Amino acid sequence: MVAFPNWYCRPPMTPPPSELPERYDPAATEARWQSAWDAAGAFHAEPVARDGEPARVPDAPKAYVLEMLPYPSGEIHMGHVKNYTMGDVVAHHRRRTGHVVFHPMGYDAFGLPAENAAIRTGEAPAEVTARNIASIRSQLRRLGFSIDWDTEISTADPGYYRWTQWIFLRFLERGLVERREAAVNWCPRDQTVLANEQVVDGLCERCKSPVELRQLPQWFLRITDYAQALLDDMDLLDDWPERVLTMQRNWIGRSVGARVEFRVADDEATVVPVFTTRPDTLHGATFFLLAPEHPLVPRLVAGAPEHDAVMEYVGTAARTAVADRSSADRPKTGVFTGRHVINPATGDRIPVWVADYVLMDYGTGAVMAVPAHDERDFAFARAHDLPVRRVIAADDTPPDAPLDEAWTGPGHLVNSGPLDGMSVDEAKEAICADLAARGEGEATVGYRLRDWLISRQRYWGAPIPVVNCAGCGVVPVPDDQLPVLLPHVEDYAPQGQSPLAAAEEWVATQCPTCGGPARRETDTMDTFVDSSWYFLRYTAPHFTGGPFDREIADYWLPVDQYIGGVEHAILHLLYARFFTKVLHDLGLVGTREPFARLFTQGMIHHQGAKMSKSRGNVVPPDAIIQRFGADTLRLYILFMGPAADDAEWSDSGVEGQRRFLDRVWRLVRALPGDRAPARPAPSDVRDDPAAEALVRKAEATVDKVSQDIGERFSFHTAISAIQELVNHATRDMSEGALSSPAGEMAAWHAARTTVSLLFPFAPHIASELWEAMGGERLWQEPWPEPDPAFLVAQSETIVVQVNGKLRDRADVAPGLPDDELVAIAMSLPKVQAALGGAEPVRRIVVPGKLVNLVVSAK
RNA sequence: GGGGACGUGGCGGAACGGCAGACGCGGCGGACUCAAACUCCGCUCUGGGCAACCAGGUGUGGGUUCGACUCCCACCGUCCCCA
């Protein structure tokens with residue numbers, strides 16, 4: 001079905017193309033269209049949940065197009081431009097292909113930078129943030145994105161964090177919140193706790209100070225309860241990059257093994273569990289290791305001669321960066337506790353050491369050391385002269401062959417009593433069955449994923465909505481008392497505890513249960529909590545009846561296209577998936593996955609490095625908009641290369657895109673006549689080769705651009721295709737090849753097609769030119785469909801190869817039978833020369849493409 | 001150490017097993033101009049040739065195939081994730 005828009009039949013309502021200004025003036029054009037779209041409510045999205053209005057859900061295909069929300073630092077950077085331009089192109093395309101489009105914007109507004117500014121200047125973080133949001137909003141608006149600004153949200157708005165707190169309470173009710181003493185990553189500079197994910201190479205992700213470990217009571221979300229679901233549901237994410245799924249899989253780190261219980265010698269009531277992936281080697285466990293933070297350590301050495309040495313070692317470990325501790329080639333340090341545990345398989349007493357390469361974070365913080373079959377345990381045994389017992393031998397190795405290094409390869413069991421001769425897999429099964437029968441362990445699955453530590457001793461976050469009552473313990477703040485608003489404080493700097501603790505009149509409150517005196521929780525939540533559900537809040541931005549309305553959320557969710565930086569491949573995307581699953585299990589939302597399709601974009605580099613203030617290589621988007629216009633910037637940022645790849649900024653590259661827009665402007669301005677002739681049909685251009693060729697080019701371009709935007713996410717090739725069309729039309733017109741009536745039809749059609757296809761990339765100039773050509777409301781103009789009559793080639797260029805080598809080409813009528821194509825190929829002089837009189841033994845024919853004549857059999 | 005991605009002109013890149021280098025940048029030459037800017041036209045992978053053309057060419061080496069930038073294996077290099 002070919003769309004024939006009524007555009008062609010309408011008289012021009014505005015001055016014709018010839019009266020366009022000679023020069024394209026982006027500033028005027030962009031200001032004009034941004035106001036026009038606002039006035040028309042062009043990008044207003046429905047439905048969203050509103051107070052007092054029943055949900056009404058349209059019966060139309062929807063497209064929820066979402067880009068990761070920005071942190072409002074006050075300045076947008078090129079990464080934002082790329083991210084939001086990509087989303088905008090998709091949104092425009094979906095809108096014009098019959099979808100109800102939802103394309104909202106918001107701000108991830110809590111967090112450290114505003115708070116640090118507040119600490120420096122004393123200005124309230126809320127004020128700093130409000131100013132930054134205003135600034136970033138105006139910069140985003142200057143880029144002309146098709147965003148519904150009525151649905152704008154800020155996670156630091158009490159109307160938003162009220163519901164973050166409400167969701168926290170639902171997690172609490174469901175047993176997914178835990179408060180416990182834990183060895184936590186402590187940043188001595190920021191004076192706060194960090195999530196594991198915020199520790200990179202042993203350094204604070206933000207301030208790069210070395211991270212220390214401390215024992216503190218903290219709040220956790222039990223994401224580990226969903227470890228398996230997060231793995232299983234990856235099957236639903238077939239439109240996610242494989243790379244991201246792999247990273248998440250590694251992060252969750254499922255491993256099959258066993259939990260084994262060791263009893264403390266001379267204190268058999270005390271049981272220390274370990275997790276091991278090699279239960280088959282249990283007979284080879286010749287010593288036992290505890291992490292320095294393990295709670296059992298002080299008890300084991302209490303009153304013993306080893307006490308002081310052990311506790312000194314523990315103290316040193318606490319000041320050592322985690323990455324250093326676990327590094328494979330670092331000398332294996334440790335200290336003997338003087339105590340022993342019983343190996344449940346052999347009954348042997350084996351010595352217990354404290355070693356800093358054992359991390360409290362992994363497994364249970366205790367390790368059964370099997371030096372014969374684990375590299376690090378082997379190194380430890382060598383360093384401290386501990387026994388090594390081989391329990392696995394390759395088939396050609398004698399059971400007592402000495403080991404120069406740990407043997408981690410395959411083999412059968414030796415020196416393992418009843419297990420001798422078994423394969424590794426058989427032994428695993430046998431050991432697990434035996435342990436389970438004796439109640440000393442079981443086969444189990446371990447995950448690398450840790451529970452999510454969400455408490456922060458910082459001011460600028462959502463307060464954790466609980467009170468601590470001497471009588472009742474931890475008591476949730478009732479829903480009708482939400483939000484728990486951030487109190488006013490004088491000093492925003494953390495001093496080992498949350499700055500909120502200084503607001504005494506806020507902290508001192510009443511217990512909601514018993515009415516007695518109670519104290520508010522002063523920790524705030526990790527900002528990743530805020531951004532784990534914002535895509536739901538967009539569907540109900542001002543709703544006060546709940547975080548969102550299920551019916552409306554179910555209409556929009558899951559997000560059809562999510563776009564953002566690959567740096568969020570693990571944390572944000574995993575947390576958002578976790579939240580969605582919990583909300584689903586609470587019956588609050590229908591989908592189990594928030595994002596159906598994900599696209600991760602590459603970064604913009606400049607002068608060979610990532611743009612950053614400290615390097616001084618930042619190109620501010622505003623400066624480019626001022627010089628060249630927003631349309632040029634949008635076009636260039638997508639033209640730079642494949643959207644998924646990193647790309648190098650080039651000033652002259654920007655100029656090239658501006659030249660292209662100038663060329664489009666001149667093309668439209670030079671169109672003959674005042675109004676569009678009818679859309680050319682095949683019969684109109686049949687006798688005019690130039691006209692026909694141009695119309696064909698236009699139709700082929702529609703086809704290519706539609707695929708590139710709609711299916712391939714290949715924006716740079718879409719833009720190239722439009723440039724080819726413009727070059728073709730410009731050349732023809734300047735050569736006077738389109739002066740016939742058919743030629744004029746073709747010229748108008750090419751110009752109209754160009755502008756229509758250009759619109760998602762450069763919406764302002766496209767709208768301006770569209771109007772000059774007599775059209776209006778390009779944002780809702782149906783997306784062009786190629787006329788199939790022009791896509792069928794009227795002649796085909798056939799490539800002729802001899803032995804796979806290109807020898808010549810031939811223009812032939814389409815649809816010729818194979819033998820005729822071969823005959824034509826054989827008749828070509830160059831082909832005959834290449835054949836040298838030989839008769840082909842094989843003739844490969846690919847219809848419409850090529851003929852390959854194979855002369856000599858190999 | 002394990003896993004993954006990538007390697008094509010001077011540069012960004014195109015080619016979804018079938019014409020390598022589209023499109024853009026940069027460069028060279030020309031037209032317009034008193035001159036410049038803008039714009040327009042031509043050339044721009046390498047070697048040979050005045051040319052039409054011929055030969056070679058997608059990190060290296062092998063393989064699969066009538067045919068490989070594309071698929072497979074190994075190596076070299078770059079980047080990312082996990083240790």
Side-chain angles (χ1 to χ4, degrees), chain A residues 22-24 197 200-201 241-253 322-323 325-329 357 359 362 375-376 408 448-449 565-567 569-570 600 602-605 608 610 635-636 638-660 662-663 665-666 670 701 704 707-708 711-712 714-728 730-731 733-735 796-810 829-830 833-834 840-858:
Chain A
E22 192 177 336
R23 285 184 64 89
Y24 159 50
E197 294 80 356
V200 177
D201 295 332
E242 196 49 51
R243 190 161 71 114
V244 172
L245 294 176
T246 303
M247 281 161 68
Q248 292 212 351
R249 224 172 261 123
N250 290 343
W251 190 259
I252 295 168
V322 170
R325 284 175 46 177
S326 56
S327 163
D329 33 284
Y357 76 89
L359 302 179
Y362 294 94
E375 285 167 27
R376 295 196 303 180
T408 56
R448 207 192 71 97
L449 183 69
V566 74
E567 66 273 18
I570 297 175
T600 50
M603 279 186 305
I604 309 293
H605 289 204
K610 182 178 163 176
L635 203 58
Y636 175 64
L638 294 189
F639 184 72
M640 289 173 81
D645 293 1
D646 291 351
E648 173 72 20
W649 179 267
S650 147
D651 282 339
S652 48
V654 184
E655 290 170 34
Q657 295 311 303
R658 173 54 196 271
R659 278 200 284 272
F660 166 61
D662 287 338
R663 218 153 61 231
W665 185 273
R666 285 195 302 269
T701 305
K704 168 131 182 83
Q707 280 179 34
D708 282 354
E711 295 153 38
R712 296 210 316 154
S714 182
F715 303 117
H716 65 309
T717 54
I719 295 166
S720 302
I722 300 171
Q723 291 177 342
E724 284 186 55
L725 174 59
V726 170
N727 290 349
H728 187 138
T730 301
R731 192 171 304 125
M733 279 175 72
S734 68
E735 286 168 1
E796 290 169 339
T797 302
I798 298 292
V799 169
V800 182
Q801 299 176 331
V802 176
N803 285 342
K805 228 168 156 40
L806 174 72
R807 290 300 170 184
D808 206 355
R809 297 158 235 251
K830 286 182 193 168
V841 294
R842 256 185 100 169
R843 302 168 178 84
I844 313 286
V845 179
V846 182
K849 282 202 172 138
L850 91 161
V851 174
N852 186 13
L853 304 171
V854 184
V855 179
S856 55
K858 285 202 174 174

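Being a predicted model, the structure only gives us computed values, none of them experimental. Sequence lines set the chain letters: A, B, ... in the order given, protein chains first and strands last, and positions in each chain run from 1.
- Pair assignment for B:U64 gives none, since no Watson-Crick or G-U wobble pairing has each distance under 3.5 Å.
- Nearest-nucleotide mapping onto RNA chain B: of A:Val846 and A:Ile719, the residue sitting toward the 5' end is A:Val846.
- For A:Arg842, a side-chain nitrogen or oxygen approaches OP1 or OP2 of B:C66 to under 4.0 Å.
- When distances run from any side-chain atom of A:Ile570 to the nucleotides B:C81, B:C66, B:G12, the shortest one goes to B:C81.
- For B:G24, one of the phosphate oxygens OP1 or OP2 lies less than 4.0 angstrom from a side-chain nitrogen or oxygen of A:Arg663.
- B:G18 and B:A5 have their C1' atoms separated by 27 Å, with the value rounded to a whole Å.
- If you take atom C1' in B:G21 and the same atom in B:A15, they sit 9 Å apart, rounded to whole Å.
- A donor and an acceptor atom, one from each side chain of A:Arg843 and A:Asn852, are nowhere located under 3.5 Å apart.
- Nearest nucleotide to the side chain of A:Pro642, out of B:C25, B:C53, B:A14: B:A14.
- The residue A:Arg807 sits close only to the backbone: its heavy atoms come under 4.0 Å of sugar-phosphate atoms, none of a base.
- For A:Met247, counting side-chain heavy atoms from C-beta on, the closest listed nucleotide (B:G3, B:A14, B:C81) is B:C81.
- Figure legend. B:A5 is base-paired to B:U78; pairs are counted as Watson-Crick or G-U wobble with both atom distances under 3.5 Å.
- Considering only the side chain of A:Ile844, B:G18 comes nearest among B:G18, B:C38, B:G13.
- In this structure, A:Trp665 has its ring center at least 6.0 angstrom away from the ring center of A:Phe660.
- A donor-acceptor pair is defined here as one N or O able to donate and one able to accept, closer than 3.5 Å; such a pair exists between the side chain of A:Gln248 and the backbone of A:Ala569.
- Place A:Ser714 and A:Arg731 on RNA chain B by their nearest nucleotides, and A:Ser714 ends up nearer the 5' end.
- Across all strands, A:Asn250 comes closer than 4.0 Å to no nucleic acid atom at all (heavy-atom distances).
- Pairing of B:C45, defined by two Watson-Crick or G-U wobble distances under 3.5 Å, is identified with B:G56.
- Under the 3.5 Å distance criterion, with hydrogens and angles disregarded, a donor-acceptor pair is assigned to the side chains of A:Thr717 and A:Ser714.
- Listed pair A:Arg249 / B:G4 fails the phosphate criterion, with no side-chain N or O lying under 4.0 Å from OP1 or OP2.
- As rounded to the nearest Å, B:C28 and B:U60 have P atoms that lie 31 Å from one another.
- The distance from atom CD of A:Glu22 to atom C1' of B:C38 is 10 Å, rounded to the nearest whole Å.
- Comparing B:G77 with B:G67, their C1' atoms sit 29 Å apart, to the nearest whole Å.
- When both pairing distances are held under 3.5 Å, B:G12 makes a Watson-Crick or G-U pair with B:C23.
- Rounded to whole angstrom, the span from the CD atom of A:Glu735 across to the P atom of B:A31 amounts to 19 Å.
- Checked by atom type and distance alone, the side chain of A:Asp646 never pairs as donor or acceptor with a backbone atom of A:His605 at under 3.5 Å.
- For the pair A:Arg712 and B:A15, the criterion of a side-chain N or O lying under 4.0 Å from OP1 or OP2 is met.
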> Is there a side-chain contact (heavy atoms from CB on, under 4.5 Å) between A:Thr600 and A:Glu567 once you walk through the steps?
Replying inline: CA-CA 9 Å; A:Thr600 50; A:Glu567 66 273 18; over 6 Å; no
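- Straight-line distance from the CZ atom of A:Arg658 to the P atom of B:G24: 17 Å, rounded to whole Å.
- Against the 90° criterion about 0, the sugar-base torsion of B:G61 places it in the anti range.
- Regarding contacts with the backbone of B:G12, every side-chain N or O of A:His716 stays at 4.0 angstrom or more from both OP1 and OP2.
- Rounded to whole Å, atom P of B:G67 lies 12 Å from atom CG of A:Leu850.
- B:C6 sits 14 Å from B:U58 when the C1' atoms are compared, rounded to a whole Å.
- In this structure, A:Tyr24 atom OH and B:C38 atom P are separated by 18 Å, rounded to whole Å.
- Rounded to whole angstrom, the span from the CG atom of A:Leu806 across to the C1' atom of B:G57 amounts to 15 Å.
- Counting non-hydrogen atoms under 4.0 angstrom, A:Gln657 reaches the backbone sugars and phosphates but no base.
- One atom, CD of A:Gln707, and another, P of B:C16, lie 11 Å apart when rounded to the nearest Å.
- Note on A:Asn727: only backbone sugar-phosphate atoms sit closer than 4.0 angstrom, heavy atoms only; bases stay farther off.
- Phosphate proximity of B:G56 to A:Lys805: present, with a side-chain N or O under 4.0 Å from OP1 or OP2.
- Contact detail for A:Lys704 and A:Arg712: the closest heavy-atom pair is NZ-NH2, 3.8 Å.
- Annotation for A:Gln707: atom CD counts as buried by contact number, over 12 foreign heavy atoms lying within 6.0 Å.
- The pairing partner recorded for B:C40 is B:G30, the criterion being a Watson-Crick or G-U wobble arrangement whose two distances lie under 3.5 angstrom.
- A:Asp645 places its CG atom 12 Å from the C1' atom of B:G7, with the value rounded to the nearest Å.
- When the nucleotides B:C25, B:G3, B:C54 are ranked by their closest atom to the side chain of A:Lys830, B:C54 comes out on top.
- The side chain of A:Phe639 lies closest to B:G12, out of B:G26, B:A22, B:G12.
- Distance check on atom P: B:U44 versus B:A22 gives 10 Å, rounded to whole Å.
- Remark: B:C69 base-pairs with no nucleotide; criterion is Watson-Crick or G-U wobble with both hydrogen-bond distances under 3.5 Å.
- Between A:Asp662 and A:Arg658, at least one side-chain nitrogen of the basic residue sits less than 4.0 Å from a carboxylate oxygen of the acidic one, meeting the salt-bridge criterion.
- B:G3 and B:C75 have their P atoms separated by 12 Å, with the value rounded to a whole Å.
- Of the P atoms belonging to B:C41 and B:C25, the separation is 13 Å, rounded to the nearest Å.
- When the side-chain nitrogen and oxygen atoms of A:Arg666 are compared with OP1 and OP2 of B:C40, one or more of them lie within a distance under 4.0 Å.
- As judged by a 4.0 angstrom heavy-atom cut-off over every strand, A:Gln801 is placed among the base-contacting residues.
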